[in-house]
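Notes follow once the structure below has been shown.
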Amino acid sequence: MTVQRAQLAAEEGEAGAAAISLRGVVKRFGTFTAVDGLDLDVPAGSCLGLLGPNGAGKSTTMKMLTAQAVADEGAIRVLGFEVPAQSKQARAAMGVVPQQDNLDEELTARENLEVFAHLYRVPRRERRAAVDDALAIAHLTERRETKVDDLSGGMRRRLLIARGLVHRPALVLLDEPTVGLDPQVRAELWGLIDGLRSRGTTVLMSTHYIEEAERLADECALMSHGRVIARGSPSELVARYAGERVVEHYGPPDRLAEVERVARAAGLPTRRTGPSVSVLKAETIAPSLDEELGPDGVRRAASLEDVFVVLTGERVE
Ligand SMILES: Nc1ncnc2c1ncn2[C@@H]1O[C@H](COP(=O)(O)OP(=O)(O)OP(=O)(O)O)[C@@H](O)[C@H]1O
């Protein structure tokens, strides 16, 4: 596919076209390799959740897509443009919502969006409608003349997202969109992100909140040590790595160690959660093994959190 053709396909959200493609991408900081041969495609029109523990390389990956960081090796293509060589064009076509709130507090919600509409070269006669649309998407129409300083934390976050949408990009990058927010504000933002997805905007969202990825992403790419170690829809990942059910055993440390030993000898994955050990893929446990594991297990449905912990060896927040 030619560059122009790929670009058109990605911009039009053609099924199967990759809006983002990374091949063999490496990023080093001194002797430390933060991104280690990353291959990743984000199909146009989908929402991909980049999930991983702290330090997995999610933010560095996002930064390389906007050329804020430059890869040491590999190839990156965003909406058909090569990055960093054509990063100016790529940045003009995508919306970026940063983790840090950098709104202009002295300006109103509307003025903040107007500045960006101008920066993103939205034609003058279309600017007003573009700003109005972005305000409406973020449910901020009634607050258009409110100074940012007087908006609540949740409203500011919605305005930050609206600002990333004002030039009607085909692709939006969201870096940890709800980090540190209370549950109510998080739920509001989830509604907003869900709306983007249903309008066909391609979304790449980094997060370390499992629930966020589970709730919003068509697919999750689980990152660890700078690579994607598993990818699929949340339900596919759960089925593949954790099965249908989990049995959770509570007890003193030696009892937990015993459960782990027995389960692992039978080839079943396990995870530790504070005072308990969970045995995954419990639906495959034969009656004799069930007896050996003991009657104290509590059964529950397997979750994406189980997958995260088993594959990354990390705890979740
Ligand atoms: N500018 C830098 N200089 C040196 N090391 C860096 C730099 N930026 C990132 N790193 C290191 O690279 C690794 C990956 O960082 P990155 O921020 O991409 O991870 P992350 O998955 O986004 O984690 P978090 O959720 O904590 O942001 C970390 O170990 C981090 O300390």
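Computed from a predicted model, the values in this text were never measured in an experiment. Counting starts at 1 for both ligands and their atoms, following the listed order.
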[atom1] of [X] to [atom2] of [Y]: how many Å apart, nearest 0.5 Å?
X: Met64; Y: Leu22; atom1: CE; atom2: CG; value: 6.5 Å
X: Asp133; Y: Thr141; atom1: CG; atom2: OG1; value: 9.0 Å
X: Ile161; Y: Arg156; atom1: CD1; atom2: CZ; value: 14.0 Å

Check: For ligand 1, is there an atom lying under 4.0 Å from some heavy atom of Gly52?
Finding: no
Check: Below 4.0 Å from any atom of ligand 1, is there a heavy atom belonging to Pro53?
Finding: yes
Margin query: As a test of understanding, state which of Leu160, Leu140, Val148, Asp150 forms a side-chain contact (heavy atoms from CB on, under 4.5 Å) with Met155.
Written below: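 Answer after filtering Leu160, Leu140, Val148, Asp150: Leu140.
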Heavy-atom contacts with [X] under 4.0 Å: which atoms of ligand 1 show up? List them by number with element.
X: Ala56; result: 19 (O), 20 (P), 21 (O)
X: Phe32; result: 11 (C), 12 (O), 13 (C), 29 (O)
X: Glu176; result: 25 (O)
X: Ala34; result: 12 (O), 13 (C)
X: His208; result: 25 (O)

Could you tell me whether [X] and [Y] make a salt bridge, using a distance below 4.0 angstrom between a side-chain N and a carboxylate O?
X: Asp290; Y: Arg299; answer: yes
X: Glu111; Y: Lys147; answer: no
X: Arg231; Y: Glu219; answer: yes
X: Glu305; Y: Arg271; answer: yes

Margin query: Under 4.0 Å and counting heavy atoms only, is there anything from the protein next to atom 7 (C) of ligand 1?
Written below: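 Yes, there is one.
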Margin query: Protein non-hydrogen atoms only, distance under 4.0 Å: does atom 31 (O) of ligand 1 have such a neighbour?
Written below: no
Check: Any idea which of Ser224, Gly226, Gly57, Ser59 brings a heavy atom closest to atom 21 (O) of ligand 1?
Finding: Gly57
Considering heavy atoms of the protein only, find what lies nearest to [atom] and give residue, atom and distance to 0.1 Å.
atom: atom 16 (P) of ligand 1; result: Thr60 OG1, 3.6 Å
atom: atom 1 (N) of ligand 1; result: Phe29 CE2, 3.5 Å
atom: atom 26 (O) of ligand 1; result: Asn54 OD1, 3.2 Å

Notebook entry, point to check: Any luck finding a side-chain donor-acceptor pair between Thr273 and Glu248 under 3.5 Å?
Noted result: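 Distance-only check fails for Thr273 and Glu248.
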Next item on the list: Work out which heavy atom in Ala109 is nearest to a heavy atom in Arg143; give both atom names and the distance.
Entry: CB-O, 3.6 Å
Note to self: Test your reading of the structure: does Gly55 have an N or O sitting under 3.5 Å from an N or O of ligand 1?
What the structure shows: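 Yes, there is a polar N/O contact under 3.5 Å.
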Margin query: Evaluate Thr61 for polar contact with ligand 1, using N/O atom pairs at a separation under 3.5 Å.
Written below: no
